Amino acid sequence: MNQRKILVTAALPYANGPIHLGHLVEYIQTDIWVRFQKLRGHHCLFMWADDTHGTAIMIRARKEGRSEEEVIAEANAEHQRDFAGFQIQYDNYGSTHSDENKKLCGEVWQSIRDAGLVKEKDVDQLFDTEQGTFLADRFVRGTCPECNAEDQPGDNCSKCGTTYSPAELTNPVSTLSGSTPEIRTAKHLFIELEQLHGFLEDWTQTGDHLQPEVANYLRGHFLGDPQSAEGAKPLRDWDISRPAPYFGFEIPDCPDNYWYVWFDAPVGYIASTQQWCERNGDTLDNWWKNDAAEIHHFIGKDITYFHTLFWPGMLKSAGYSLPTKVHIHGFLTVNGEKMSKSVGTAFKANTYLDHLPPAALRYYYASKLGSRLDDIDLNFDEFISKVNSDLVGKVVNLASRSAKFVKDTGLSNSYPDDGGLFESAASAGNEIANAYENCDYNKAMRLILELADKANPFVENAEPWNLRKDPAKSQELQDVCTIALNLFRQLVIYLSPVLPDLAEKTGELLNDPLLHWDQSQTPLTGSSVAKFKHMMKRIEEKDVRAMEEASKIEAEQEAAQVDNHSEQFADSEQPMIDEPMTDECTIEDFMKVDLRVARIVNAEHVEGARKLLKLTLSLGGDHRKQVFAGIKAAYEPDQLVGRLVVMVANLKPRQMKFGLSEGMVCASGPGGEEVFLLTPDEGSKPGQRVH
RNA sequence: GGGGCUGUAGCUCAGUUGGUUAGAGCAGGGGACUCAUAAUCCCUUUGUCGCGGGUUCGAGUCCUGCCAGCCCUACCA
């Protein structure tokens, strides 16, 4: 087999937080692929690093009163600890905050400059004068300029869906300091990606660098289709600089400006390789400027854009090799729901490892992962039954039911007739290898388990437990166990990219380390057999529950910490207890309710009514609604006339004792004297819909 | 609003270029075995292949229209 040179990366973990099971989908996927390639005898490197730059880390360091370097050093140690715990094996773990990266960024930058892709533009951005920093969109909240919804994110309104720039918000507030930011204009540098349009069109649409749905997505969303009636669409300029202060690398030819984190992060792949090369006497060009070397990136679908447009563009401009393939995966859901930090389903790697073995998750993910972008679900019932029945019940069982019979004799000196079992399983190796190669791990697992399902009946029929009772059949007993253990060993070789631990233990059991895929093609004979020890423990439900519980407690503790930061708003929990949250509703459900701003044009007592006031509401023009509202104990009619309220305007009219009520007025509070009418902010007009 | 993906047994999913009676694992039911981590083995129940049209000698598979779910979204296609 000719040896391939394969360089692999996974997305760089951000140094601002712990690793959770969602991240691990990708890292385990990558590790399996790398281990597979190495097992096949290829020269494969996994080059990885922490992503360390950006505003988030700068802010966090400030908050904690220490340097950014301290924050990222701590994260680096934690990350590497977690990866070791999950048996994720990389050849170098660097940091984007390294000298190598800084130098490489400079070189890439210069090439892009030389290619004439950089231009300057002024950008209006909000500036927090208290913190002395420009604010990224996510650090600004304010009132939506379109629908006046308050406390909306900096980039789009969660109520009406309008998108805007933070500078357009009506009452912008910095979430860092709580102060009102001001608009400042600053010079930014942009890369004119459109100049590379033809290249990107070609690279994304041909050559099998991307999964087909990704290529479609890029064409549909960004590139356009030159063949279609609309034609190609221009690519937007990419804002690549951030003014000081910013935690990152200062741009050499543009003092006081820094590369945006997404510029230096992927260069970190190259920088990490450089560190490895220096340590191993290799050269960078051998990997990054060599047509004979493949480059594979594993990423999540959320960062598709950066890795399939910007990154190839950068590489192309700087004269590096382009990715052979970008492998993109979906997200993790837990028991069918989105992971949630507050609910505690964003299980931390560390929390998992406190209660459960890494092999179980590695196998479970492998059995779920396909080559496409579908989300995968972590369902704990399935998790338990899959690991127990597939791995312990079927695979490991082969060894545990036969090894001890040959502890003293070892394996037979020649491989006995097994009716073609070993041979057919050996020839299945190609299909299994293809599945691994294509990231169809679920298919690989299925194929492997099929083999296990053939091996167990063999043992069943051969009845070694009966053979051992008859001394005359000792050779037959040894032969049967030799077959069972060889079939087991073969399965373990196939599984070893997923379960390195099991491979190692199997090597020890049979006194023959499992290091190469080809070992699956030839039976092992004459080897001694060690005393059998449990190779894998069954998963117990109580361990899963314990992990869930621990994670929940962590989530609560973190929430409590956040609360401490906002003591000034220490509101009681009582209202939520009195009226717990109702079931989730969809936007469609909500849109059924037509809420309108209305002006109370008349209010009067109703004779004979204990709680009711009769209100006449105007929706502007001639639109009048009569509403009976149970607010008599809380409001005097006089206070009400003229004011604006929010009403349910499309409520089915209801005949009441005192007349027809054509809607409801929105108010909070338990009732009685404690009723608080909702008031729209100044500027809203009767008849406007509330979204 | 637009785009993409998905919809096959209770659950998780296979179903190659359209071709006999639609499959596997798990779960369920019955039995066997006792070497093995209550593991294993044999037998077995279950399907309007989301719905409706169409193309075809023949459609789970191709076309089309709906419906549902998930994801994306740079008011952009």
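Below, each value reflects all heavy atoms present in this structure, side chains not excepted, and no hydrogens, waters or symmetry copies. Convention: sequence-line order gives letters A, B, ...; per-chain numbering from 1. Since the model is a prediction, treat every value here as computed from it, not as a measurement.
- Here C13(B) presents its C1' atom at 13 Å from CG of Leu449(A), a figure rounded to the nearest Å.
- Look at the P atom in both U8(B) and U48(B): the space between them is 11 Å, to the nearest Å.
- One can place CZ of Arg446(A) at 5 Å from C1' of A14(B), the figure rounded to the nearest angstrom.
- Figure legend: Lys121(A) and Phe190(A) shown as a cation-pi pair, the cationic atom lying under 6.0 angstrom from the six-membered ring centre and within 45 degrees of its axis.
- As rounded to the nearest Å, G4(B) and C11(B) have C1' atoms that lie 27 Å from one another.
- Salt bridge absent: Lys533(A) and Glu508(A) never bring a charged side-chain N and a carboxylate O closer than 4.0 Å.
- Atom pair Asp381(A):CG and G28(B):P shows a separation of 12 Å (rounding to whole Å applied).
- Taking a cutoff of 4.0 Å between a charged side-chain nitrogen and a carboxylate oxygen, Lys368(A) and Glu382(A) qualify as a salt bridge.
- The Glu460(A) side chain lies nearest to C41(B) when the options are C5(B), C41(B), U37(B).
- Contact annotation for Asn397(A): base contact, defined as any heavy-atom pair under 4.0 Å involving a base atom.
- Contact check, Arg372(A) against U6(B): a side-chain N or O comes under 4.0 Å of OP1 or OP2.
- Using the six-membered ring where Trp is involved, Trp238(A) and Tyr260(A) have ring planes that are perpendicular, over 60° apart on the 30 and 60° scheme.
- Cation-pi geometry between Lys386(A) and Tyr363(A) is not met at under 6.0 angstrom from the ring centre and within 45 degrees of the axis.
- In this pair, His327(A) and Phe298(A) present their aromatic rings parallel. The plane angle is below 30°, not in the 30 to 60° band.
- Between A77(B) and U16(B), the distance separating the two C1' atoms is 34 Å to the nearest Å.
- For the P atoms, the distance linking G7(B) with G60(B) amounts to 15 Å, nearest Å.
- Of the listed nucleotides (C70(B), C41(B), A74(B)), A74(B) has the atom at the smallest distance from the side chain of Tyr305(A).
- Proximity note for Asn456(A) (side chain, C-beta onward) versus U40(B), A36(B), C35(B): the nearest is U40(B).
- Ionic pairing of Asp453(A) and Lys394(A) is present here: one or more N-O contacts between side-chain nitrogen and carboxylate oxygen are shorter than 4.0 angstrom.
- The phosphate of A39(B) has neither OP1 nor OP2 within less than 4.0 Å of any side-chain N or O from Arg401(A).
- For G18(B) and C13(B), the C1' atoms lie 22 Å apart once the distance is rounded to whole Å.
- Distance noted for atom P between G58(B) and U21(B): 14 Å (whole Å).
- The 5' end of RNA chain B is approached more closely, in terms of each residue's nearest nucleotide, by Asp374(A) than by the other of Asp374(A) and Asn461(A).
- In this structure, the NZ atom of Lys394(A) is 21 Å from the P atom of A36(B), given to the nearest Å.
- Nucleotide G69(B) forms a Watson-Crick or G-U wobble pair with C5(B), both donor-acceptor distances falling under 3.5 Å.
- Distance CZ (Arg538(A)) to C1' (U40(B)): 12 Å, rounded to an integer number of Å.
- The base-pairing partner of U21(B), taking Watson-Crick or G-U wobble contacts with both distances under 3.5 Å, does not exist among the strands shown.
- As rounded to the nearest Å, G28(B) and U45(B) have C1' atoms that lie 8 Å from one another.
- In this entry the distance linking CG of Leu451(A) with P of G25(B) reads 14 Å, nearest Å.
- Salt-bridge check for Arg545(A) with Asp543(A): failed, with every basic side-chain N at 4.0 Å or more from each acidic carboxylate O.
- Among the atoms of the strands shown, base atoms are found under 4.0 Å from some heavy atom of Phe222(A).
- For the pair Asp501(A) and Arg362(A), the salt-bridge criterion is not met [side-chain N within less than 4.0 Å of a carboxylate O].
- Residue Lys301(A) places no side-chain N or O under 4.0 Å from the OP1 or OP2 atom of C72(B).
- The side chain of Asp453(A) lies closest to C41(B) when the candidates are C41(B), G4(B), U37(B).
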Check nucleotides 8-12 of chain B against the protein and report each pair of N or O atoms closer than 3.5 Å, with its distance, or say if there are none.
unit_1, atom_1, unit_2, atom_2, d
U12(B), O3', Lys368(A), NZ, 3.4
U12(B), O2', Glu382(A), OE2, 3.4

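- The separation between Lys454(A) atom NZ and U40(B) atom C1' is 18 Å, rounded to whole Å.
- Remark: the His53(A) side chain and the Trp259(A) side chain contain no N/O donor-acceptor pair separated by less than 3.5 Å.
- Projected onto RNA chain B by closest heavy-atom contact, Phe331(A) and Val396(A) fall at different nucleotides, the more 5' of which corresponds to Val396(A).
- A36(B) atom C1' lies 16 Å from atom NZ of Lys407(A), rounded to whole Å.
- The residue Met445(A) sits apart from the nucleic acid: no heavy atom pair falls under 4.0 Å.
- The same atom, C1', is picked in C41(B) and in C33(B); the two are 7 Å apart, to the nearest Å.
- C35(B) is unpaired under the criterion used here, namely a Watson-Crick or G-U wobble arrangement in which both key atom distances are under 3.5 Å.
- The listed nucleotides are C72(B), C5(B), C42(B); the one nearest the side chain of Pro457(A) is C42(B).
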